[in-house]
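Reviewing the structure listed below.
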Amino acid sequence: MSEDCSPDAISCWMIENFKHDHGYREPFKVLISTILSQRTRDENTDEASRKLFSVFPTVESIAAAKPEELYGLIMRSGMYRQKAERIVNCARILLEKFDGRVPDTIEELTSIPGVGRKTANIVLNISFGKEALAVDTHVHRISNRLGWVKTKTPGETEFALMKIISPHLWGPVNGSMVEFGRQICRPVGPRCRDCAISRCCDYYGRISKEDIRQ
DNA sequence: AAAACGGGGGC
DNA sequence: GCCCCAGTTTT
């Protein structure tokens, strides 16, 4: 890692060293698996996605499924009924309102119940190649710890980061920052000893030794 | 702005 | 048992 602590340099370092990808590119699979990922660990998300798509591989088949039937399939992977209902409802809306296709604007995507700004931006970036920044708890926390922003909400963070990070890095840095947050810059007990960019970090100067986990 | 929601897993 | 998790919705 160079001496450069600029947001773009840190972003590139994260992109180089931390990968995080659910593996899907088809719009509807990205949308569905991202809904599955909401407030849920990746291991559970990946398992549930595989089970779901192995039985219901298309928008049409999901739309035709009974929510209970779909729930029975994914319930062992940390999922719950509301999410199964959201997914079936989402597939039906895609079919009825969007001609069976996933829309490619933030307004249309967030009009679907269960799809917020973060999920919509993931789809826009991964499936449609648009420059979008999906701010989740990891991105929000890490951006504030590093001192790049001083924000209270993910919405503020998204707006502030767009002025700090080069647009072509928005997509790639997203998953990398999440993985960095899972492995190193964790919500509690961050592994600052193992962190190669601690000298660039505001939080590292404030955190007490006993709060750092080996 | 804060609480509700939701269930498996780590501790 | 309690707290957390690639959030979203409701109060």
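Letters A, B, ... mirror the listed sequences (proteins, then strands); counts begin at 1. Keep in mind that the numbers below use all heavy atoms, side chains included, and drop hydrogens, waters and symmetry copies. Just so we're clear, the structure is a prediction, and the values are computed from it rather than from any experiment.
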Which nucleotide span of DNA chain B, 5' end to 3' end, has atoms closer than 4.0 Å to non-hydrogen atoms of chain A? B:dG6 to B:dG8
If I take atom CG from residue A:Asn125 and atom CG from residue A:Leu133, how far apart are they, to the nearest 0.5 angstrom? 9.0 Å
Salt bridge check: are A:Arg182 and A:Glu43 linked by an N-O gap of less than 4.0 Å? yes
With ring centroids as reference points, do A:Phe53 and A:Phe28 lie under 6.0 angstrom apart? yes
When both hydrogen-bonding distances must be under 3.5 Å and the geometry is Watson-Crick or G-U wobble, what is C:dC2 paired with, if anything? B:dG10
Determine, for nucleotides 2-11 of chain C in 5'-to-3' order, which nucleotides have protein heavy atoms under 4.0 Å from the base (write B), from only the sugar-phosphate (write S), or from neither (write -). --BBBBSS--
Are A:Arg81 and A:Glu68 close enough for a salt bridge, meaning some N to O gap below 4.0 Å? yes
Closer than 4.0 angstrom, basic N to acidic O: yes or no for A:Glu179 and A:Lys19? no
For atom P, what is the distance between C:dA6 and B:dC5, given to the nearest Å? 22 Å
Does a side-chain N-to-carboxylate-O contact under 4.0 Å join A:Glu69 and A:Lys66? no
Kindly check if the number of other-residue, nucleotide or ligand heavy atoms within 6.0 Å of CZ (A:Phe128) is above 12? yes
C1' gap between C:dT8 and B:dG9, integer Å: 22 Å
Using a heavy-atom cut-off of 4.0 Å across all strands, would you classify A:Met75 as base, sugar-phosphate, or nothing? sugar-phosphate
Closest approach of A:Lys51 to A:Arg76 (non-hydrogen atoms, all atoms of both residues): NZ-CB, 3.9 Å
